[in-house]
Trainee: 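Attaching a single structure in structure tokens format; questions to follow.
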Amino acid sequence: MKIYNTLSKRKEEFIPIEEGKVRMYVCGPTVYNLIHIGNARPMIVFDTVRRYMEYKGFEVNYVSNFTDVDDKIIKQAIAEGVDASVISERYIAECKADMEALNVKPATTHPLATQEICGMLDMIGTLIEKGHAYEAADGTVYYRTRSFQEYGKLSHRNVDDLQAGNRSLLVSGEDQKEDPLDFVLWKPKKDGEPYWESPWCNGRPGWHIECSVMSKRYLGDEIDIHAGGEDLIFPHHENEIAQSEAANGKQFARYWMHNAFLNIDNRKMSKSLGNFFTVRDISEKYDLQVLRFFMLSAHYRSPLNFSAELMESAKNGRDRILTAVQNLHHLMENAVTLGKIEETVSEQELLQDAKRFVTQFETAMDDDCNTADAIAAIFDLVKWTNTNTDATCSQSFLMAILQEIKELSDICGLLVDTAPEILDTQIETLIEQRQVARREKNFARSDEIREELLAQGILLEDTREGVKWKRV
RNA sequence: GGUGCCAUAGCCAAGUGGUAAGGCAAAGGUCUGCAACACCUCUAUCACCAGUUCAAAUCUGGUUGGCACCUCCA
């Protein structure tokens, strides 16, 4: 499997530190509001990376944090007149609900920044001891950026360029810093803010130190994959590297994966433009599986545009897979009725042929998780299925195909075999009545019933194998 | 100002040296009482210019047009 590594700017063969195991850390959201669809992109794509690795037989230790202490959380808490923890706990719960609806697997561990303060104090202490950090007069602790020789290796910048482009910082009044590039590890509390005691001052951690510490605690000094949105490359991930490698004396992460941004109507999502959507907003109109399908229809490193039109397109595309799966179920029931259970020799040959879609899928995923191509493989399989199955097929054959579609979809976290709903008897009766009307060629009555059911959200389809229905 | 990315059919989107996957939409057809589903058919020489090569969407240089980061925004 090849992975594009931001560190080397090229695709590299993935070789885990420990054979058969993957240590993966994905930067999670700051929980001050409902997550937006931009937050959902890394969750979905890296969950898919994880699922594929598990499919390949790796044991994945997947860690994704919640940043539950932050200026924005405090601001929200003050606005509502509640404790910061009330805000963070509320939105962690909401975020988990959204993740579940997106079929994002819970991480092996979801650490909270506020539960890891001890580790942060330890690491900051180590950095000071080693001369990589210093305490200012008011108790703020800064990282001495220029003390880390390789600073800039992830974002491919050199410190002098950074300084040239950062003139504004020089005049921003942070005159406690030895150097404008230095960043905060620990800062003093302000009135009304949550704080922890430390050797330097009562205060709270800077953002970057959290991830270094949580990664170290749950995955160790060296990890395989560190992932997040591309905006985190600089400064967040650059700073994590500086902290972790200076403190631990080892390479921090071997592979750095970054997803591109999600735009809305070709513009960056922002509240001021009024094009800001939460995952919850989308869930009111669509099954969030549609959002997941949509996100995976492009490569994770390409910017992806979001619009109502594209969601409709995604919905229709996904429905094509669902329809094929439903057809298989119908055909299987049919096969059982007819007593066609065991597959025939020619069916075995067909199944052999269908294996190529698995290969096609894996080839795509092996190439830096190319989900767009992988989904194309699923569509090819769907088309093959629609062409090669009919009422004469055996149950065993149909079942094997169904399993293949389900397995590939499941790697993408796409649920295509939703449990059949039980219709209430009243609706079933109407369907029966319509069939009677049709046999009597009373099409007026038959269409009337169909309209009536459609009004209730039940769409009928008359197929060769009988009447099918689905919710719209 | 610094750094980097992108430009493929109506829309979305793979492909990164050997003569353009897939999906949505549209059109025609088969099936069907009709509709829907499904199937068949049909749709691009890859922003522009120049160059390298037997061969380029794919490499090099340039032009134009988008975008991102450099401000604790995924």
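Naming: A, B, ... by sequence-line order, numbering from 1 per chain. In this text the structure is predicted, and so the values were computed from the model without any measurement. Just the heavy atoms: all of them, side chains too, but no hydrogens, waters or symmetry mates, feed the values below.
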Trainee: Are the ring centres of A:Phe306 and A:Phe294 closer than 6.0 Å?
Mentor: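 Yes, the ring of A:Phe306 comes within the 6.0 Å limit of the ring of A:Phe294, centre to centre.
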
Trainee: Is any N or O donor-acceptor pair between the side chain of A:Asn370 and the base of B:G15 shorter than 3.5 Å?
Mentor: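 In this structure, the two groups form no donor-acceptor pair.
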
Trainee: Between C1' on B:C67 and CD1 on A:Ile264, what's the gap in Å once rounded to a whole number?
Mentor: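 After rounding, the gap between these two atoms is 16 Å.
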
Trainee: Can you identify which nucleotide, out of B:C39, B:G23, B:C69, has its nearest atom closest to the A:Asn386 side chain?
Mentor: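 Selected nucleotide (nearest to the side chain): B:C39.
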
Trainee: Nearest to the side chain of A:Lys268, heavy atoms from C-beta on, is which of B:C34, B:C73, B:A14?
Mentor: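 Between B:C34, B:C73, B:A14, the one nearest the side chain of A:Lys268 would be B:C73.
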
Trainee: B:A74, OP1 or OP2 - any side-chain N/O from A:Asn39 closer than 4.0 Å?
Mentor: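 Yes.
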
Trainee: Look at all strands and tell whether A:Arg445 reaches a base, only sugar-phosphate, or nothing, counting heavy atoms closer than 4.0 Å.
Mentor: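 No contact.
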
Trainee: Across the strands shown, which category fits A:Ser302 at heavy-atom distances under 4.0 angstrom: base, sugar-phosphate, nothing?
Mentor: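 If one applies the 4.0 Å heavy-atom cut-off, A:Ser302 turns out to touch the sugar-phosphate alone, with no base involved.
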
Trainee: For atom C1', what is the distance between B:G17 and B:U45, given to the nearest Å?
Mentor: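 It comes out at 16 Å once rounded to the nearest Å.
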
Trainee: Mind calculating the distance between CD (A:Gln360) and C1' (B:A14) to the nearest angstrom?
Mentor: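 Computing the A:Gln360:CD to B:A14:C1' distance gives 11 Å.
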
Trainee: Considering only side-chain heavy atoms of A:Glu461, which listed nucleotide, B:C73, B:A13, B:A36, is closest?
Mentor: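 Given the options B:C73, B:A13, B:A36, the side chain of A:Glu461 is closest to B:A36.
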
Trainee: Can you classify the ring geometry of A:Trp384 versus A:Phe397 as parallel (below 30°), tilted (30 to 60°) or perpendicular (above 60°)?
Mentor: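 Taking A:Phe397 first and then A:Trp384, their aromatic rings sit tilted (interplane angle of 30° to 60°).
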
Trainee: I'd like to check the side chain to side chain donor-acceptor pair (under 3.5 Å) partners of A:Arg320; sequence neighbours left out, ordered by chain and number.
Mentor: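 Result, side chain to side chain donor-acceptor pair (under 3.5 Å) vs A:Arg320: none returned.
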
Trainee: Paired with B:U45 by Watson-Crick or G-U wobble geometry, both distances under 3.5 Å: which nucleotide is it?
Mentor: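 Across all strands, not a single nucleotide pairs with B:U45.
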
Trainee: Could you point out which residue of A:Phe183, A:Trp186, A:Trp207 forms a ring-ring contact (aromatic ring centres under 6.0 Å, His included) with A:Tyr143?
Mentor: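 When ring-ring contact (aromatic ring centres under 6.0 Å, His included) is applied between A:Tyr143 and each of A:Phe183, A:Trp186, A:Trp207, only A:Phe183 qualifies.
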
Trainee: Describe the nucleic acid contact of A:Glu309 in one word from base, sugar-phosphate, nothing, applying a heavy-atom distance below 4.0 Å.
Mentor: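 The residue A:Glu309 makes no contact with any strand.
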
Trainee: Looking at A:Asn305, I'd like to know whether one of its side-chain N or O atoms comes within less than 4.0 Å of OP1 or OP2 on B:C12.
Mentor: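 The answer is no; no side-chain N or O of A:Asn305 sits under 4.0 Å from OP1 or OP2.
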
Trainee: What I want to check is whether the side chains of A:Asp380 and A:Gln360 have a donor and an acceptor closer together than 3.5 Å.
Mentor: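 Judged by distance alone, the side chains do pair up.
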
Trainee: A:Lys383 side chain: which of B:C39, B:G15, B:A74 is closest?
Mentor: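 For the A:Lys383 side chain, the nearest candidate turns out to be B:C39.
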
Trainee: Compare the minimum distances between each of B:C34, B:A13, B:A74 and the side chain of A:Pro42, then state the nucleotide with the smallest one.
Mentor: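 Between B:C34, B:A13, B:A74, the one nearest the side chain of A:Pro42 would be B:A74.
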
Trainee: Are A:Phe379 and the base of B:G23 stacked, counting only ring centres nearer than 5.5 Å and planes tilted under 30°?
Mentor: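 No; centroid distance or tilt outside limits.
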
Trainee: Using only side-chain N and O atoms of A:Arg318, determine if any of them is under 4.0 Å from OP1 or OP2 of B:C24.
Mentor: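 For A:Arg318, the contact criterion (side-chain N or O under 4.0 Å from OP1 or OP2 of B:C24) is not met.
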
Trainee: Both distances below 3.5 Å, Watson-Crick or wobble geometry, any strand: find the nucleotide opposite B:U58.
Mentor: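 By the stated definition (distances under 3.5 Å), nothing pairs with B:U58.
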
Trainee: Is the distance from OP1 or OP2 of B:C12 to the nearest side-chain N or O of A:Lys315 less than 4.0 Å?
Mentor: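 Answer is no, no contact under 4.0 Å.
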
Trainee: Does A:Arg301 contact B:C5 through a side-chain donor or acceptor facing the base, at a distance under 3.5 Å?
Mentor: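 Under the 3.5 Å cut-off, the side chain and the base do not form any donor-acceptor pair.
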
Trainee: Give the rounded distance in Å between these two atoms: NZ of A:Lys75 and P of B:C72.
Mentor: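 Going from NZ in A:Lys75 over to P in B:C72 covers 15 Å.
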
Trainee: List in numerical order all residues of residues 149-157 of chain A for which some heavy atom is under 4.0 Å away from an atom belonging to RNA chain B.
Mentor: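 RNA chain B contact set from residues 149-157 of chain A: A:His156, A:Arg157.
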
Trainee: Of all the choices, B:C73, B:G33, B:A74, which nucleotide is nearest to the side chain of A:Met269 once you look at every atom?
Mentor: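 Of the candidates, B:A74 comes closest.
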
Trainee: Nearest to the side chain of A:Phe443 - B:G22, B:C34, B:G33?
Mentor: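 Nearest to the side chain of A:Phe443 among the choices is B:G33.
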
